[in-house]
Amino acid sequence: MSVHTLFVTLDILGVFAFAISGATAAMQRRLDLFGVVVIAFVTACGGGLVRDLCIGAIPPAGLSNWIYLAVAIVAALTTIGAYRFVERLAYPVLLFDAVGLGLFAVTGSHKALQYGHNTEVAILLGMITAVGGGVGRDVLLNRVPVILQKEIYASAALVGASIEVLGEGSGWSTNWLPWVAMSICFVLRMLALKYGWHMRWVAMPRD
Amino acid sequence: MSVHTLFVTLDILGVFAFAISGATAAMQRRLDLFGVVVIAFVTACGGGLVRDLCIGAIPPAGLSNWIYLAVAIVAALTTIGAYRFVERLAYPVLLFDAVGLGLFAVTGSHKALQYGHNTEVAILLGMITAVGGGVGRDVLLNRVPVILQKEIYASAALVGASIEVLGEGSGWSTNWLPWVAMSICFVLRMLALKYGWHMRWVAMPRD
Amino acid sequence: MSVHTLFVTLDILGVFAFAISGATAAMQRRLDLFGVVVIAFVTACGGGLVRDLCIGAIPPAGLSNWIYLAVAIVAALTTIGAYRFVERLAYPVLLFDAVGLGLFAVTGSHKALQYGHNTEVAILLGMITAVGGGVGRDVLLNRVPVILQKEIYASAALVGASIEVLGEGSGWSTNWLPWVAMSICFVLRMLALKYGWHMRWVAMPRD
């Protein structure tokens, strides 16, 4: 499998995992068929859409490349048609989701650099690519975004995006840099899941 | 009445109906004068604003063409000043709303094609033009967007946008194509209202 | 102190005040460290981000200029680390917030004019620059935006932006015009606070 094929495969797996997570959340809120597809699509492509608007990539890839919509629809229909099976998939879904997180953080920041933007823009937009869809899902489902309450999700994306951007800025080889950045993001996220880091809330001083 | 005049008239009626729907919802949440105007404007122009950002039409027409803001303000003031009368208008408002839905689906997808975008982008943005304002209204009013819970509203816009885009792609005459696309969207929506299709929820499998 | 230095200083004070207001609201919702920083940043820079997307200023200044992010982080950490002290700061925060409101209304509309947009676009985007961040904060915190419920906040920004835009259109000197526009917005807001205008709700007719 060539590097390109692998990247495309991982990209689709990431979209699929994000879309499953969106569809599952939408079903828990008892949305209808259309609502489940929309939330699946927004969760998978919303972050990339915001990134593309901010870097001037018109039209956003999520709208112009049919494969994203198709994968989101398949994921939504899968979730609806096999809800109990998908529920049993919880661990694989979390795994794909972590892969998607790492991949989107890296590809998002890479795309921002390719469009000629600076380090800060690229890092921030890499993170936004990875977590923006989940924020859109939560806003549409009328709840406070979970990433603002659980620390090691967006932080992992931030680390992945930073490694990619600083590495590219240092002229490191792009043959292995994306893999390192993505892997560190992925491992951070999986460790956070395994050790329950995402369950810990930073205690806020209050009166 | 020329075709152009008719189009402009329908456009303004659509904006007016959408703005009335927004203002009514805002009043039910007991927002103040400013809030009612903002929600009316967002409901009427929010979808077009997102479309314009996605196709690179800068600045968005909703901001640059004063007629939209003026119509939204008139609709908001009408709703406030004659709330009981507007309530009795329920059927005409739903009628205008369905006209607006069809019109915005068609003109939104047509504008995306004019900016050189592909079939998928045009269909999706046609639908987003028609329903995006209602989503914005519901997000600002802190509730799950109704279009994610009622199936035949956005679906009708999707059908209208698809007919317009596929028809233009097939080289059909633009003299009657928009009317066909708009009418089918309108009829679908009115049938859904008449037969209560929008009241049916797709039963979701749950544990 | 030169005019430029003064403008930059006021700009940073405005960002700081908006960020403090966001961080305080986020802490009241018991978000974690990451959530508090995000809400602080969105409150301070969200309005400018929407303005920049609408006028075609790519990438948005809030993402590309590190000083905004740095100030937002400092404000968030200050709020977390000295919550009781910040609470005692209520009056200075409201003061800075009113300064920020006036400043952002004026600089936002000025930037839209500089990008060649018309009067309506500039006035609307001046207001959106000033109040958009607070709307984003409230949407993310899952509540109806306060500016839709309290009348004299956004209205003051609208007045400030209108004076700036109409003044520039009339060829008035830009040496003192921004100060007049900003001051009127600031005074309106402070008077509204002092006399409790923001506590009054317009009574809506209801059945």
Side-chain angles (χ1 to χ4, degrees), chain B residues 22-42 45-46 48-50 52-70 72-73 76-88 135-144, chain C residues 49-58 60 108-109 111-113 115-129 131-132 134-136 138-159 192 197-207:
Chain B
T24 306
M27 286 183 67
Q28 285 165 351
R29 287 286 175 118
R30 306 195 67 71
L31 299 191
D32 68 8
L33 172 63
F34 180 80
V36 173
V37 169
V38 167
I39 298 289
F41 183 66
V42 166
C45 299
L49 196 147
V50 171
D52 285 351
L53 291 181
C54 287
I55 63 175
I58 301 295
L63 296 179
S64 59
N65 191 341
W66 65 269
I67 194 79
Y68 294 114
L69 181 59
I73 290 174
L77 297 180
T78 303
T79 308
I80 292 172
Y83 189 59
R84 283 170 197 209
F85 177 71
V86 167
E87 278 189 318
R88 256 182 280 143
V135 171
R137 172 198 65 206
D138 292 340
V139 166
L140 289 178
L141 293 180
N142 196 27
R143 60 189 189 192
V144 176
Chain C
L49 197 146
V50 171
R51 175 204 60 212
D52 285 351
L53 290 182
C54 287
I55 63 175
I58 302 294
S109 53
K111 187 169 184 179
L113 286 176
Y115 273 74
H117 297 300
N118 69 22
T119 303
E120 185 191 336
V121 172
I123 291 176
L124 288 177
L125 288 178
M127 186 181 70
I128 289 172
T129 304
V131 307
V135 171
D138 292 340
V139 166
L140 289 178
L141 293 179
N142 196 27
R143 60 188 189 193
V144 176
V146 290
I147 65 145
L148 302 180
Q149 303 172 340
K150 297 179 182 175
E151 210 172 338
I152 306 299
Y153 191 81
S155 315
L158 188 62
V159 169
W197 293 342
H198 70 294
M199 304 292 284
R200 283 189 212 153
W201 295 44
V202 171
M204 292 299 178
R206 297 190 72 192
D207 278 14

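By convention in this document, chain letters (A, B, ...) are assigned in the order of the sequence lines, proteins followed by strands, and residues within each chain are numbered from 1. It should be emphasised that the depicted structure is a prediction, and the values quoted were computed from it without experimental measurement.
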Residue pair C:Gly56 / B:Ile58: nearest heavy atoms and the distance that separates them: N-CG2, 3.6 Å
Minimal non-hydrogen separation, C:Cys54 against B:Leu49, with atom names: SG-CD2, 4.4 Å
Heavy-atom closest pair, residues C:Ile147 and B:Phe34: O-CD2, 3.5 Å
The single option from B:Leu140, B:Ile39, B:Asn142 passing side chain to side chain contact (heavy atoms under 4.5 Å, CB included) against C:Val144: B:Asn142
B:Asp52 portion near chain C, given a 4.5 angstrom heavy-atom threshold: neither
Which of B:Val38, B:Val37, B:Leu69 touches chain C most, by non-hydrogen pairs under 4.5 Å: B:Leu69
Interchain contact, C:Leu158 with chain B, by part (heavy-atom threshold 4.5 Å): neither
Interchain contact, C:Leu124 with chain B, by part (heavy-atom threshold 4.5 Å): side chain
Heavy-atom pair count under 4.5 Å with chain C, highest-scoring of B:Leu63, B:Leu53, B:Val139: B:Leu63
C:Gln149 side chain reached by B:Leu31 side chain, heavy atoms, under 4.5 Å: yes
